[in-house]
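Below is one structure, written out as structure tokens; the observations come after it.
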Amino acid sequence: MPHRDTLGLPRSQRLSFSGQLAELTKDDLTEDGVVLSIGGAEQSHVEVGDPDYLLHDYLFRMGAVLQTCARERLGPAAAGSSASPETPSSERSTSGSPRVLHLGAGALTLPRWIEHHWPAVEQTVVDIEPELVEFVLEHLPMRRSPRNLVADAAAVLGPGGALEEVSFDVVVVDLFNSAAAPEHLRSPEFHRAVFAGVVPGGLLLVNLGDEPPMDFVRAQVASLLDAAAATAARGGVTTPADAASSALLSAPSDVLQARAEGNLTFAARRGPELEQTELNALWAAGPHPGDVLSAEELLVWARP
């Protein structure tokens with residue numbers, strides 16, 4: 001990837017679905033940063049030449065979850081070995097590589113990070129803006145461009161959608177992360193469809209955002225736990241309480257305590273409970289001050 005000063009910034013592209021202007025500009029918070037803004041609102045940060053660098057708190061937490069809870073699913077293919085015994089070949093792509101789905105593109109910050117750590121992973125990105133991904137990749141290319149689907153995130157998973165009955169080792173949901181989100185992208189039906197797209201033993205990651213008293217995120221987490229419980233026949237979970245033992249919520253301490261607005265990272269493994277050693281490792285990874293809730297603590301937080 002070229003140095004930031006060679007990109008001819010700023011760059012802009014009118015997006016046909018929303019009519020808003022997407023812009024790539026220098027981010028002076030870091031030496032080589034580029035920020036994507038849509039309609040004047042900052043969306044993503046990319047550190048040119050350093051895909052391992054994650055500026056935003058929630059992305060750092062997502063990366064820590066992937067390193068801790070999904071390494072066995074994503075790692076073997078990156079090393080050129082065969083699929084893990086935990087992952088039947090019928091749940092892999094025809095190439096045998098692990099698969100990651102991103103609902104919401106932004107500047108492809110997390111896909112770049114995943115490509116850096118696990119180059120063999122096959123990634124699919126879904127965004128409703130037809131021009132966005134091509135615009136970003138034109139100016140901030142990746143070594144291996146992800147598959148790009150232009151679609152509504154709920155429709156692409158639903159009946160007749162391009163990803164109906166397609167499963168992934170990891171599904172990342174990074175869409176509207178506040179109560180302003182369209183109803184169909186925060187509904188129980190959407191949450192069940194998202195979980196249906198995760199293979200048994202796979203991982204779901206969701207970026208959520210809210211302000212005190214965190215009513216929106218609490219309701220979303222409760223709905224996601226209900227959706228996880230609904231996968232009992234294939235995933236081994238039977239109740240929201242069981243689902244909470246396979247799920248976590250990671251965020252800055254003041255956000256979890258409903259004293260400040262911010263982003264929260266929800267993660268759920270479809271099947272096996274999270275081990276205490278995994279939760280300890282996630283807490284240690286930070287950023288700090290922060291906390292990680294799981295099991296009964298998570299259930300109580302979601303339904304106070």
Side-chain angles (χ1 to χ4, degrees), residues 58 61-73 86 103 167-174 177 179 181 185-210 212-258 262-286 290-304:
Y58 84 92
R61 295 179 188 277
M62 280 188 166
V65 172
L66 291 170
Q67 289 276 26
T68 304
C69 303
R71 181 188 296 270
E72 290 185 2
R73 299 198 69 87
E86 294 182 321
L103 299 178
S167 297
F168 295 83
D169 295 276
V170 176
V171 174
V172 181
V173 182
D174 193 358
N177 61 353
L185 295 178
R186 53 189 172 98
S187 67
E189 293 78 14
F190 177 62
H191 294 154
R192 287 194 293 270
V194 167
F195 265 103
V198 180
V199 300
L203 189 73
L204 172 68
L205 277 174
V206 184
N207 174 33
L208 298 166
D210 204 0
M214 299 293 161
D215 289 341
F216 167 71
V217 171
R218 293 182 200 274
Q220 288 292 282
V221 170
S223 178
L224 286 161
L225 293 176
D226 288 342
T231 66
R234 294 174 58 189
V237 176
T238 56
T239 69
D242 293 325
S245 296
S246 301
L248 65 89
L249 191 66
S250 177
S253 297
D254 56 355
V255 176
L256 281 172
Q257 294 164 10
N263 290 69
L264 306 90
T265 295
F266 174 86
R269 186 155 57 201
R270 187 171 173 181
E273 293 185 3
L274 295 170
E275 301 289 342
Q276 188 60 47
T277 53
E278 294 176 305
L279 298 173
N280 292 345
L282 286 172
W283 180 88
D291 209 348
V292 179
L293 306 181
S294 185
E296 183 65 21
E297 282 187 318
L298 177 58
L299 202 62
V300 170
W301 190 92
R303 296 183 170 97

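Heavy-atom basis, side chains included; hydrogens, waters and symmetry copies ignored.
Side-chain atoms of Asp210 come within 3.5 Å of backbone N or O of Phe216 as a donor-acceptor pair. In terms of modelled atom types and a separation under 3.5 Å, the side chain of Arg186 and the main chain of Ala181 share a donor-acceptor contact. Looking only at distances, a side-chain donor or acceptor of Ser246 sits under 3.5 Å from a matching main-chain atom of Pro272.
Of the inter-residue distances, the one linking Leu208 atom CG with Arg218 atom CZ reads 12.5 Å to the nearest 0.5 angstrom. Put simply, OG1 on Thr68 and CG on Asn280 are 10.5 Å apart, with the number rounded to the nearest 0.5 Å. A distance of 7.5 Å separates CG of Leu282 from CD of Glu278, quoted to the nearest 0.5 Å. With rounding to the nearest 0.5 Å, the separation of CG in Leu248 from CG in Leu279 is 6.5 Å. To the nearest 0.5 Å, atoms CZ (Arg270) and CG (Leu203) are separated by 12.5 Å.
Looking at Asp242 and Ser245, their side chains never bring a donor and an acceptor atom within 3.5 Å of each other.
Contacts of Ser187 classified as side chain to side chain donor-acceptor pair (under 3.5 Å), with partners at least two apart in sequence or in another chain: Glu189. Partners of Pro212 under the side chain to side chain contact (heavy atoms under 4.5 Å, CB included) rule, at least two apart in sequence or in another chain, are Met214, Glu261. With sequence neighbours excluded, the residues that form a side chain to side chain contact (heavy atoms under 4.5 Å, CB included) with Ala285 are Ala64. For Ala247, the side chain to side chain contact (heavy atoms under 4.5 Å, CB included) partners are Leu225, Phe266, Ala268, Leu298, not counting sequence neighbours. By the salt bridge (charged side-chain N to carboxylate O under 4.0 Å, His left out) test, Glu273 is found to be paired with no residue, residues two or more places apart in sequence or in another chain being considered. For Asp291, the side chain to side chain contact (heavy atoms under 4.5 Å, CB included) criterion is met by Leu256, Trp283, Leu293, not counting sequence neighbours.
Counting all heavy atoms, side chain and backbone alike, Val199 lies closest to Ser167 at CG1-CB, 3.3 Å. Contact record, Leu205 with Ala267: CD2-CB, 3.6 Å, taken as the closest heavy-atom pair. Scanning all heavy atoms of the two residues, the minimum distance from Met62 to Thr265 falls at CG-CG2, 3.8 Å. Considering all non-hydrogen atoms of both residues, Ala229 and Ala243 come closest at N-CB, 4.1 Å.
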As a quick check of understanding, evaluate side chain to side chain contact (heavy atoms under 4.5 Å, CB included) for Leu224 and Phe195, giving each step before the final call. CA-CA 9 Å; Leu224 286 161; Phe195 265 103; 4.2 Å; yes

List the steps and the verdict of side chain to side chain contact (heavy atoms under 4.5 Å, CB included) for Asn263 and Val255. CA-CA 8 Å; Asn263 290 69; Val255 176; over 6 Å; no

Go through it in stages, so that I can follow the logic: the residues are Arg73 and Val170, the test is side chain to side chain contact (heavy atoms under 4.5 Å, CB included), and I'd like the CA-CA distance, side-chain angles, deciding distance and then a yes or no. CA-CA 9 Å; Arg73 299 198 69 87; Val170 176; 5.8 Å; no

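Applying the side chain to side chain donor-acceptor pair (under 3.5 Å) definition to pairs two or more places apart or across chains, those involving residues 190-205 are His191-Gln220, His191-Ser223. For residues 294-303, every residue pair satisfying the side chain to side chain donor-acceptor pair (under 3.5 Å) rule, not counting sequence neighbours, is listed here: Asp226-Arg303. For residues 243-254, the set of pairs meeting the salt bridge (charged side-chain N to carboxylate O under 4.0 Å, His left out) definition, not counting sequence neighbours, is empty.
Counting heavy atoms from C-beta outward, Val194 and Leu103 have side chains that approach closer than 4.5 Å.
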